[in-house]
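Down below is the structure, laid out as structure tokens.
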2 protein chains.
Amino acid sequence: MFVSSTDELPTPPWSSLKGRKPARRPLSREAIVDAALAVVDAGGLAALNMRRLAEELDTGPASLYAHVSGKDELLQLLIDRVAAEVEVPAPDPERWQGQVKDFARELRARLSAHRDLAGASLANIPTGPHALLVIDGLLGILRAGGLPDQVVAYAADLLPQFITIDAYEGSLYAERMEREPDYFEEFRTYMRALPASRFPNIAALVEPMMGDDEDADDRFEFGLDLIVRGLASFAHR
Amino acid sequence: MFVSSTDELPTPPWSSLKGRKPARRPLSREAIVDAALAVVDAGGLAALNMRRLAEELDTGPASLYAHVSGKDELLQLLIDRVAAEVEVPAPDPERWQGQVKDFARELRARLSAHRDLAGASLANIPTGPHALLVIDGLLGILRAGGLPDQVVAYAADLLPQFITIDAYEGSLYAERMEREPDYFEEFRTYMRALPASRFPNIAALVEPMMGDDEDADDRFEFGLDLIVRGLASFAHR
DNA sequence: ACCTGAACACCGTTCAAGT
DNA sequence: ACCTGAACACCGTTCAAGT
């Protein structure tokens with residue numbers, strides 16, 4: 001069979017297509033979500049709007065509504081796309097605590113890879129198929145730990161919530177530092193200057209409170225360890 | 001001294017003021033924040049915009065900018081107004097764990113009293129004077145528990161985060177139920193219908209996962225207990 | 001069935017002009 | 001100093017009309 005697509009060869013100079021924009025990828029949910037994720041990766045959630053997204057896809061905003069019911073659904077699809085990237089291991093009863101921690105680090109990393117996208121899953125609780133698979137995987141790890149069903153159920157809410165908010169706050173911090181490189185230093189100075197008479201405990205603890213950059217990871221690990229230790233106290237084996 | 005203000009008596013029928021709108025309260029940060037909180041209480045964060053807020057104050061949107069730098073600052077002021085209502089007890093070393101829990105319940109209740117306002121403090125970390133006093137109070141309780149400084153510092157981040165996100169999600173749930181009374185029942189049905197072949201753990205745990213209305217409080221208490229137990233394991237006394 | 005231009009009904013914020 | 005009307009530069013979404 002001869003080449004039947006113009007995609008695979010450069011356009012010859014005599015072609016009437018010469019000088020046109022590259023053939024536009026036909027619109028589809030897939031293509032829209034791909035483009036939306038690219039916009040978020042480049043400029044965060046604030047940069048994502050239907051008009052700009054349409055522009056990215058070489059069309060008008062109205063055209064998007066044939067494939068997506070609106071911006072809310074688009075955000076849900078974005079979240080589920082990211083959830084699809086999360087790898088959840090098969091439960092190993094011997095090391096369920098380590099697996100819970102690895103799960104938390106994995107989800108945090110996947111969310112943090114897309115700026116403040118985590119914020120979108122705070123407003124709309126994710127119920128897409130991939131998100132549900134992630135939850136199912138987490139439930140599996142927790143059950144293998146021999147925890148009571150109600151504890152497993154609560155923990156499967158609590159952990160993703162903790163992870164998501166941490167990723168979100170982290171992204172806001174990163175964004176802030178991008179726009180205002182010395183914001184954090186100014187804030188630290190402000191906190192150090194608070195009068196000890198009215199804020200005795202802040203005054204006493206400014207330094208441990210205002211950590212450096214690596215501190216964000218430490219704080220996450222601290223919270224994670226706290227939760228897992230608490231869960232372990234419920235294990236009946 | 002004679003009455004010098006028209007505010008204290010009904011307008012007499014011969015007054016030229018008769019039939020006018022009641023004398024407008026002069027604009028001020030206070031008045032603007034009051035009105036904004038009333039708008040949020042009535043319709044949530046989504047209902048709060050500068051134009052509608054101006055209307056509420058019988059003026060144009062541009063007038064607000066003489067007292068408030070913009071919507072971001074307004075939200076910060078709103079959060080700090082709510083923080084001012086939070087009561088923090090003086091530390092009692094004997095019952096620091098109970099005090100931490102009482103603190104958490106108090107902050108949650110204050111936030112939950114204003115619809116989804118908690119969401120505003122997720123995007124912008126509160127640094128207003130009253131918010132800092134609240135943090136200082138929490139630090140005091142934790143220090144009285146004999147916890148290491150770094151643990152105290154991390155916990156003072158983690159706890160408000162946990163409380164705020166819980167209040168926020170709770171408000172979103174409440175709002176959803178207001179608009180779509182049988183949303184939750186539909187969602188429960190959907191979860192029950194998930195194929196056990198692909199979602200074995202969800203299938204096994206739908207019931208503990210999909211609690212009733214009081215479940216929200218139970219889940220909060222569970223998370224709170226988990227955190228406090230974890231903290232207690234660091235106490236050196 | 002899919003796409004489009006144009007419009008509708010909103011937003012936050014600015015700015016020159018008024019008092 | 002404080003307030004205002006009017007405009008600027010955006011938004012999400014709809015809808016009649018096209019192919």
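Order of the sequence lines sets the chain letters (A, B, ...), proteins ahead of strands, with each chain counted from 1.
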### Task
Taking A:Asp116 for its side chain and A:Gly119 for its backbone only, find out whether a donor-acceptor pair lies under 3.5 Å.
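Looks like no, no N/O pair under 3.5 Å.
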### Task
Determine, for A:Tyr154 and B:Arg219, whether the Lys NZ or Arg CZ falls below 6.0 Å from the six-membered ring centre while staying within 45 degrees of the axis.
no
d([atom1], [X]; [atom2], [N]) in whole Å:
| X | N | atom1 | atom2 | value |
| --- | --- | --- | --- | --- |
| B:Arg52 | C:dG12 | CZ | C1' | 16 Å |
| B:Asn49 | C:dG12 | CG | P | 4 Å |
| A:Leu45 | D:dG12 | CG | P | 12 Å |
| B:Leu64 | D:dT4 | CG | C1' | 12 Å |
| B:Leu74 | C:dC11 | CG | C1' | 15 Å |
| A:Glu73 | D:dG12 | CD | P | 15 Å |
| B:Leu53 | C:dC10 | CG | P | 17 Å |

### Query
Step by step, would you call A:Leu45 with A:Leu75 a side-chain contact (heavy atoms from CB on, under 4.5 Å)?
CA-CA 9 Å; A:Leu45 279 177; A:Leu75 289 174; 3.9 Å; yes
### Message
For a quick check, with a 4.0 angstrom heavy-atom cut-off, what is the B/S/- contact string for nucleotides 13-19 of chain C, read 5' to 3'?
### Response
BBB----
Does [X] come within less than 4.0 Å of [Y], counting only side-chain N to carboxylate O?
| X | Y | result |
| --- | --- | --- |
| A:Arg198 | B:Asp136 | no |
| A:Arg115 | A:Glu178 | yes |
| B:Glu185 | B:Arg188 | yes |

### Task
Please determine which of B:Tyr168, B:Phe222, B:Phe220, B:Phe103 meets the ring pair (Phe, Tyr, Trp, His ring centres under 6.0 Å) test together with B:Phe162.
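For B:Phe162, the ring pair (Phe, Tyr, Trp, His ring centres under 6.0 Å) test succeeds with only one of B:Tyr168, B:Phe222, B:Phe220, B:Phe103, which is B:Phe220.
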### Message
Going by side chain to side chain donor-acceptor pair (under 3.5 Å), name the residues that satisfy it together with B:Asp217, two or more places apart in sequence or in a different chain.
### Response
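B:Arg108.
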### Query
Got a sec, which residues hit side chain to side chain donor-acceptor pair (under 3.5 Å) with A:Tyr173, two or more places apart in sequence or on another chain?
A:Asp213
### Query
Should we count CD of A:Glu221 as having more than 12 external heavy atoms under 6.0 Å?
yes
### Query
Who pairs with A:Glu87 by side chain to side chain contact (heavy atoms under 4.5 Å, CB included), at least two apart in sequence or on another chain?
A:Glu106
#### Entry: Atom C1', compared across D:dC15 and C:dC3: separation rounded to whole Å
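Taking atom C1' in both D:dC15 and C:dC3, they lie 13 Å apart.
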### Message
Output the pairing pattern of DNA chain C as a dot-bracket string, 5' first, Watson-Crick or G-U wobble with both distances under 3.5 Å, | for cross-strand pairs, [ ] for crossing pairs.
### Response
||.|||||...|||||.||
### Message
I want to check one thing: is the phosphate of D:dT4, taken as OP1 and OP2, less than 4.0 Å away from some side-chain N or O of B:Ser63?
### Response
yes
#### Entry: Contact residues, residues 35-44 of chain B to DNA chain C [heavy atom, < 4.0 Å]
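When residues 35-44 of chain B is checked for heavy atoms under 4.0 Å from DNA chain C, there are no hits whatsoever.
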